[in-house]
K.L.:
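This is the structure I have questions about; it appears just below.
This is a predicted model, so every value here is computed, not measured. Numbers restart at 1 for each chain; the letters A, B, ... are given by sequence-line order, proteins then strands.
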Protein chains: 2
Amino acid sequence: MYIVIMQNDELYQIVWMSRPLMQAAEAAVERGLADTDLTVRMRAVLEVLHAEGDMTVPDIAAHLDIKRQYVQVMVNETLASGLTRQCPNPRHKRSPLLALTDTGRALIAQVIEREMALVQTIGADLPSADVSTALRVVRMLTERLRKEGAEI
Amino acid sequence: MYIVIMQNDELYQIVWMSRPLMQAAEAAVERGLADTDLTVRMRAVLEVLHAEGDMTVPDIAAHLDIKRQYVQVMVNETLASGLTRQCPNPRHKRSPLLALTDTGRALIAQVIEREMALVQTIGADLPSADVSTALRVVRMLTERLRKEGAEI
DNA sequence: TGCATAATGACAATATACATGTCATTTTGA
DNA sequence: TCAAAATGACATGTATATTGTCATTATGCA
């Protein structure tokens, strides 16, 4: 919430569109998960493992930029559902590697495939040059808004 | 959190950038409020009144798309700080119009001015055509992600 | 005009998505 | 080798809301 667009500055408007966009995106993700037993946070764990391969809880936390204690909760849910399993970690005996089970791998692959298809449909008529431009602007804006705090 | 970019689909990447962008933006807003006595949610109330003029608590809730009960809390804080005041509402005797006080008006104007200046600085070298394109893409994406849920 | 219904402020309880603190047990690195 | 860091587990705290309820008006329509 907290969004009101006041001036005619388009960059400012992009900034204030970030919340509505995120909410629309998260709602779409939730709808996509409705017929699975996945929650959004379990999906996040599976997605990291799917994208980056096996890793420990602290590694996942670093990737998601949230605290390891909360990631532990998320991971424990995926373990309980049989979507991930613990494997011996040669680099650390007390911190097992988390890996997708076959079930987990199939599920996250299917979820992501559907999401991609949805976005594809939604953006079918957008010129790909425009999409590239938009992505570049959004990335730059994000990066600079972050930096601005660091250097002051 | 919950963000990992996996495929080379740029529209999909824009969707997943929405959370980092929003977080960067909100952090920047918070930094901007650091030397005031405003909180982010008080700022939201002032911004609506500044943009749209006097209105009741339920009206503000509609504008911010959050429940009136929570907006009431936010508004009461701005009343306690002397940034807004209640005016008789000719259209409804039990639901006063909220209006900015002079202090409140000056404060929100200054805050927004600084935010605009920051965004201006940050985007100084971005071609304005690119910014327009990006805004258009972001708006369309948001709208369609919302719609997709409504019609299914 | 009267009366059912809706709107409003106020307050309490609950939910979600995290962060923070602590502890015992390893594990690591200087 | 041993102090410091990492890890899992668990408890508690916090910000940002939603939901429920109630008493008190307002409102709209028969």
Side-chain angles (χ1 to χ4, degrees), chain A residues 1-3 18-20 22-27 29-30 33-34 38-45 47-48 54-80 84-99, chain B residues 1-3 18-20 22-27 29-31 33-34 37-45 47-48 54-80 84-99:
Chain A
M1 320 329 172
Y2 299 166
I3 309 305
S18 64
R19 187 189 270 264
M22 195 205 68
Q23 289 180 332
E26 291 204 343
V29 167
E30 275 195 50
L33 297 180
L38 279 182
T39 61
V40 176
R41 66 197 202 185
M42 288 163 69
R43 178 199 170 286
V45 169
E47 189 183 21
V48 174
D54 304 351
M55 56 177 82
T56 64
V57 167
D59 288 341
I60 297 173
H63 270 269
L64 294 177
D65 194 27
I66 51 185
K67 298 295 167 185
R68 67 184 177 81
Q69 288 92 333
Y70 186 52
V71 172
Q72 187 76 52
V73 172
M74 299 159 66
V75 164
N76 289 348
E77 291 170 355
T78 66
L79 285 167
T84 58
R85 64 190 155 80
Q86 298 180 321
C87 307
N89 181 359
R91 303 196 40 185
H92 201 295
K93 282 176 192 168
R94 270 197 69 202
S95 194
L97 285 172
L98 277 299
Chain B
M1 319 331 174
Y2 298 167
I3 309 306
S18 64
R19 187 187 270 266
M22 195 207 68
Q23 288 179 334
E26 291 205 342
V29 167
E30 274 195 49
R31 287 193 300 270
L33 297 180
D37 288 331
L38 279 182
T39 61
V40 176
R41 67 198 202 184
M42 287 164 70
R43 177 198 171 285
V45 170
E47 189 183 21
V48 175
D54 304 352
M55 57 177 79
T56 65
V57 166
D59 288 341
I60 297 173
H63 270 270
L64 294 175
D65 194 29
I66 52 186
K67 300 294 169 188
R68 67 184 177 82
Q69 289 91 333
Y70 187 52
V71 172
Q72 188 75 52
V73 172
M74 299 161 65
V75 164
N76 289 347
E77 291 170 355
T78 66
L79 286 168
T84 58
R85 65 192 154 79
Q86 298 180 323
C87 306
N89 181 359
R91 304 195 41 186
H92 201 295
K93 282 179 192 167
R94 269 197 70 201
S95 194
L97 286 173
L98 276 301

K.L.:
Taking only residues two or more places apart in sequence, or in another chain, which ones meet A:S18 in a side chain to side chain donor-acceptor pair (under 3.5 Å)?
P.N.:
none
K.L.:
Rounded to the nearest Å, what distance is computed from the CE atom of residue B:M55 to the P atom of nucleotide C:dT8?
P.N.:
13 Å
K.L.:
Using whole Å, what does the distance between atom P of nucleotide C:dT16 and atom CD1 of A:I66 come to?
P.N.:
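Distance check: A:I66 CD1 to C:dT16 P gives 16 Å.
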K.L.:
By the 4.0 Å heavy-atom rule, please label B:V73 as base, sugar-phosphate, or nothing.
P.N.:
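Nothing, no nucleic acid heavy atom in range.
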K.L.:
Treat primed atoms plus P, OP1 and OP2 as sugar-phosphate and everything else as base, then score nucleotides 22-30 of chain C 5' to 3': B for base contact with protein heavy atoms under 4.0 Å, S for sugar-phosphate contact only, - for none.
P.N.:
B--BSSS--
K.L.:
Between atom OH in B:Y70 and atom P in C:dA12, what is the gap in whole Å?
P.N.:
17 Å
K.L.:
Got B:V29 and B:R43 here, is their nearest side-chain heavy-atom distance under 4.5 Å?
P.N.:
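B:V29 vs B:R43: side chains touch.
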K.L.:
Figure out the CG/P separation between A:L64 and C:dA19, and round it to whole Å.
P.N.:
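Taking atom P of C:dA19 as the reference, CG of A:L64 is at 11 Å.
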K.L.:
Would you compute the distance between atom CZ of A:R19 and atom CZ of B:R19 and round it to the nearest 0.5 angstrom?
P.N.:
10.5 Å
K.L.:
Say you draw a straight line from CE of B:M42 to CG of B:L79; how long is it, rounded to the nearest 0.5 Å?
P.N.:
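Rounded to the nearest 0.5 Å, the CE-CG separation comes to 9.5 Å.
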K.L.:
Could you tell me how far apart A:R43 (CZ) and C:dA17 (P) are, to the nearest whole angstrom?
P.N.:
14 Å
K.L.:
What residues form a side chain to side chain donor-acceptor pair (under 3.5 Å) with A:E77, not counting sequence neighbours?
P.N.:
A:R41
K.L.:
Quick check: on DNA chain C, is the nucleotide nearest B:N76 upstream (toward 5') of the one nearest A:K67, or the reverse? Name the residue that is more 5'.
P.N.:
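Whichever sits nearer the 5' end wins; that is B:N76.
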K.L.:
Could you give the CE-to-P distance, from A:M22 to C:dA17, as a whole number of Å?
P.N.:
11 Å
K.L.:
Quick one: list whatever passes side chain to side chain donor-acceptor pair (under 3.5 Å) with A:T56, sequence neighbours left out.
P.N.:
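In terms of side chain to side chain donor-acceptor pair (under 3.5 Å), with neighbours along the sequence ignored, A:T56 is linked to A:D59.
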K.L.:
How long is the gap from CG on A:L64 to CD on A:E47, to the nearest 0.5 Å?
P.N.:
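Reported to 0.5 Å precision, the distance equals 8.5 Å.
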K.L.:
My understanding is that only residues two or more places apart in sequence, or in another chain, count here; which of them pass side chain to side chain donor-acceptor pair (under 3.5 Å) with A:N89?
P.N.:
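For A:N89 there are no side chain to side chain donor-acceptor pair (under 3.5 Å) partners, ignoring immediate neighbours.
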K.L.:
Ignoring hydrogens, what is the shortest heavy-atom contact between B:A44 and B:M74? Give both atom names and the distance.
P.N.:
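Taking every non-hydrogen atom into account, CB-CE, 4.2 Å.
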K.L.:
To 10°, what angle do the rotation axes through the five end pairs on each side of the helix from C:dT1-D:dA30 to C:dA30-D:dT1 form?
P.N.:
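The angle, to the nearest 10 degrees, is 30°.
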K.L.:
Taking CD1 from A:I60 and C1' from C:dC18, how many angstroms apart are they, rounded to a whole number?
P.N.:
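It is 17 Å, rounded to the nearest whole Å.
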K.L.:
Starting from P on D:dA17, measure out to CE on B:M42 and report it in whole angstrom.
P.N.:
15 Å
